[in-house]
There are 4 protein chains.
Amino acid sequence: MRAKRMPRAVRERQMLDAAVRTFGQRGYRAASMDDIAELAGVSKPLVYLYLNSKEDLFTAVIRREARALTEAIRAGVGPAGLPADRQLWNGLRAFFTHTARHPDGWSVLHLQARTHGEPFAAEIAALREEIVAFVTQLIAAAAREAHRDPDLPEREVAGLAEALVGAAESLADWAGATEGVTARQAAATLMNFAWAGLGDLMADRPWTPPEEEAGPAPAEPAAQTG
Amino acid sequence: MRAKRMPRAVRERQMLDAAVRTFGQRGYRAASMDDIAELAGVSKPLVYLYLNSKEDLFTAVIRREARALTEAIRAGVGPAGLPADRQLWNGLRAFFTHTARHPDGWSVLHLQARTHGEPFAAEIAALREEIVAFVTQLIAAAAREAHRDPDLPEREVAGLAEALVGAAESLADWAGATEGVTARQAAATLMNFAWAGLGDLMADRPWTPPEEEAGPAPAEPAAQTG
Amino acid sequence: MRAKRMPRAVRERQMLDAAVRTFGQRGYRAASMDDIAELAGVSKPLVYLYLNSKEDLFTAVIRREARALTEAIRAGVGPAGLPADRQLWNGLRAFFTHTARHPDGWSVLHLQARTHGEPFAAEIAALREEIVAFVTQLIAAAAREAHRDPDLPEREVAGLAEALVGAAESLADWAGATEGVTARQAAATLMNFAWAGLGDLMADRPWTPPEEEAGPAPAEPAAQTG
Amino acid sequence: MRAKRMPRAVRERQMLDAAVRTFGQRGYRAASMDDIAELAGVSKPLVYLYLNSKEDLFTAVIRREARALTEAIRAGVGPAGLPADRQLWNGLRAFFTHTARHPDGWSVLHLQARTHGEPFAAEIAALREEIVAFVTQLIAAAAREAHRDPDLPEREVAGLAEALVGAAESLADWAGATEGVTARQAAATLMNFAWAGLGDLMADRPWTPPEEEAGPAPAEPAAQTG
DNA sequence: GATGAATGAGTATTCATTCAT
DNA sequence: GATGAATGAATACTCATTCAT
């Protein structure tokens, strides 16, 4: 039973929701347009009318999910004036919270989109670059705060940022697969690792999370749609 | 055009070589058995005769590449008596060297195999578990060496190992994509990040690589075939 | 060349018609879905869209032909009140008429479906059971009419019914292959054989067909389509 | 482990044995030359060397099994001097005994060979003609014995013979599928049906089997090979 | 004589995509 | 605006058959 007339924006959202789920769970190639149309509750030609082709649909999905993720992080990080470690701590919690709440979207971004060549890889590269740039700038800020001298070489900082982002991605998967690991714990583990380093941890000198703000974790409207 | 007669073992190796390349570059679904057979220089039925099915072929590829990777790392790490940071340093260099030399194999292991569900995910899970277990044990050894007291909680150690492995994976991709980053540099960046931590780095207290052995990086017979 | 748009039911009938012909003449394995689609004047994907798989298609064909045959017989037999030999005589004429008019359907039911294992054999077993049950009940009725005492053992009756049905099947093939043998003649031969027995025939005591009704043989709308 | 050197005749017999089994159980199309070669314990090229092609192999199988069947019947029938009903009775027992002992051969002759078009159908037609001719001549003999006058028309006799043979085939299948039905019982059922007719049976005037000869049922060397 | 190595030619099935209404 | 009807192009997999040794 097909749903009755609806404004285009709503229909399109339903299609994208269905697509995220299908792509996230089955993968790009294994997901068929039939599946997606059925899950969205519309006919296949309508999907084509609105989203043009499978490639365009997948690209639209990637963009929407990428945007949602970066906005979640941006919202979590807080004002630019905070100290670097505090900003990172906030951002990581937002990141782990978001990936936990949108596993299909995370799967699309982290697994599916990277595995199927151009033009999707480029979308992901852009997303990653944005995040890496943010982290890079945080590291630079931390160096400034510490009056470090001389500066770390640029490429070294880039590598550190890559490492940090990779560690976060890995922990997001791990938290998603391991019962009972909260976003907060994942973030704490990563802060320790990144900020204090294993060396300090061995010496029992961990990084200490700042006292918590009053409210709950950065609000997100709701869990995964669909 | 009939392919020259060859002993089965040789042909099988050629097929696996072709498969690594094709799967690594195109992905599991997009790689067709026709492509692989052609690249291997044989007819499709022969591929089926020897490797049974696309699924079996992909599994065989995963296993071969996984084995090659773990053996390269194991060989690189050196004797068990070395200090933990030295073992890690050695292992990382071997890892980055291997992934740089076998980009298709690395793509299969890191991207393709994880994206296409069971039974491939299980193979990769096993591989990753092996590596994570090794890193976990290194961290435990480091703690012992540092006479750390009290012990880090088990789950915390697991998370740290996940983070470290994820960082390494990420840096392998980065090194593969960035002109002029050597395995040694990638390993050094990660050692700094992991061992000293960003905090120490800010304070200009980096981890110091041990003096280098005489010869070049751990020998590997040859680069990717095909 | 795009086939003209048609309602699904019509197209489905065309496909089944083409399938009966192809399966009946070439056999299940030798008939390719390409052949059937071409004969039906549609593309292969449409056949799959409507009939799902070769197995399902063949099953649908068997069911349709089985139903047509049993209904032809049921219609031919006439009211339950008739004497047993009269019912048998009517039923046999209907049977031979139908098999003569639908040789491909008869080939599917009698030859192809039995030769290719489950699940087709089960369909045919059900059909045959239905017919054998009908004959069995006729024999029982004849015994009642003759006030036979004691009853024939159940297994003996089953064997007789099998024999009669087998004889009918064989005569259907024979009539189909032999120029100039009418359904009526085949039915008469079988009635003689079955009802009088060779012994009586030798003694010149044949079974006598009842006077014929006015009209022609039981009407059937049309011959095989295609 | 391949068997060592063997005389050609023996090897060929093994291949035919394997082929009967495979064709009988799987059907002509579904049986692969690989299966047959493996079951025969020889390499595929050897099968081709001896039997030439799948078609030739199947034809050879049909001929061998047809010959075995007709010889078993001929041996069972006994001397030409016996009364017609006695000859039929003997022949039927031999037939049901043989089909029960060689189910795969019976399946090849009765099901598989008829279903796959020329040239196999011709082989079966020849076999059937031979049997029908024998039965026809028996019926003629019975008529002579009964001094029947006038003669039955030739086509009528042909039809009766077809019916009788079809009934026998059907009972062979039935006996093969029904637990506890012996060759003797099947033959008795058919003699009753054919000789006395249902009409006489209803009147409790069955055909009476002649007293049994001393020895056991017509000897056959052994059950199905392979 | 016997076999391991190899393939040409199919076969069922699927999917993204487009019309005609 | 929305959809039922339709297909071109691929894809995994199989099999009878043949050489080279």
Subject >> Gap between atom CD1 of Ile124(A) and atom CG of Leu109(A) - 0.5 Å precision >> reply: 5.0 Å

Subject >> Nearest-Å distance for atom pair CD/C1', residues Glu12(B) and dA5(E) >> reply: 13 Å

Original post:
Expressed in angstrom and rounded to an integer, what is the separation of Met6(B) atom CE from dT7(E) atom C1'?
Top reply: 17 Å

Subject >> Arg128(C): side-chain hydrogen bond (donor to acceptor under 3.5 Å, both in side chains) partners, not counting sequence neighbours >> reply: Glu162(C), Glu169(C), Ser170(D)

Original post:
Given dA6(E), is OP1 or OP2 found less than 4.0 Å from the side-chain N or O atoms of Arg11(B)?
Top reply: yes

Subject >> Length of the CG-P vector between Asp56(A) and dT17(E), whole Å >> reply: 9 Å

Original post:
Rounded to whole angstrom units, what separation is found between the CD atom of Gln14(A) and the P atom of dA2(F)?
Top reply: 11 Å

**OP:** May I ask you to evaluate whether Tyr48(D) reaches the phosphate of dC19(F), defined as a side-chain N or O under 4.0 Å from OP1 or OP2?
**Re:** no

Original post:
So, does the side chain of Lys44(A) form a donor-acceptor pair with the base of dT3(F) at under 3.5 Å?
Top reply: no

Original post:
Can a side chain N or O of Tyr50(A) be found less than 4.0 Å away from OP1 or OP2 on dG1(F)?
Top reply: no

Original post:
Between His102(A) and His110(A), does the ring centroid distance fall short of 6.0 Å?
Top reply: no

Let me check something: any side-chain donor-acceptor pairs from residues 42-49 of chain C under 3.5 Å, sequence neighbours excluded? List them with distances.
from, atom 1, to, atom 2, distance (Å)
Lys44(C), NZ, Asp34(C), OD2, 3.4

**OP:** Mind calculating the distance between CZ (Phe23(A)) and C1' (dA16(E)) to the nearest angstrom?
**Re:** 11 Å

**OP:** With the side chain of Leu46(A) defined as its heavy atoms from C-beta on, choose the nearest nucleotide among dA2(F), dT18(E), dA6(F).
**Re:** dA2(F)

**OP:** Taking atom CZ of Arg67(A) as the centre, report whether more than 12 heavy atoms of other residues, nucleotides or ligands fall under 6.0 Å from it.
**Re:** no

Subject >> Proximal nucleotide (of dT7(E), dG1(E), dA16(F)) relative to the Lys54(D) side chain >> reply: dA16(F)

**OP:** Measure the distance from CG on Leu49(C) to C1' on dC15(E) and round it to the nearest whole Å.
**Re:** 12 Å

Original post:
Would you say Thr59(C)'s side chain and Glu55(C)'s backbone share a donor-acceptor pair under 3.5 angstrom?
Top reply: yes

Original post:
Looking at residues at least two apart in the chain, or sitting in another chain, which of them share a side-chain hydrogen bond (donor to acceptor under 3.5 Å, both in side chains) with Arg26(D)?
Top reply: Asp35(D)

Subject >> Glu55(B) or Pro7(C), whichever maps to the more 5' nucleotide of DNA chain F >> reply: Pro7(C)

Original post:
Ignoring hydrogens and angles, does a donor from either the side chain of Arg5(C) or the base of dG4(F) sit under 3.5 Å from an acceptor on the other?
Top reply: yes

**OP:** Tell me which residues in residues 27-38 of chain B put a heavy atom below 4.0 Å from DNA chain E, sorted by number, or none.
**Re:** none

Subject >> Passing option when Glu123(B) is tested against Arg63(B), Arg64(B), Arg114(B) for salt bridge (Lys or Arg N to Asp or Glu O under 4.0 Å) >> reply: Arg63(B)

**OP:** Return the 5'-most residue of the pair Arg8(B), Ser53(C) with respect to DNA chain E, ranking by each residue's nearest nucleotide.
**Re:** Arg8(B)

**OP:** Report the distance from atom CG of Leu16(B) to atom CD of Glu12(B), rounding to the nearest 0.5 Å.
**Re:** 6.5 Å

Subject >> Residue list, ring-ring contact (aromatic ring centres under 6.0 Å, His included) with Phe120(B), at least two apart or on another chain >> reply: Tyr28(B), Phe58(B)

Subject >> Between P of dA16(E) and CG of Leu51(A), the distance in whole Å >> reply: 14 Å

Original post:
Of all the base pairs, Watson-Crick or G-U under 3.5 Å, which form stems of three or more consecutive pairs involving DNA chain F?
Top reply: E:2-21 with F:2-21

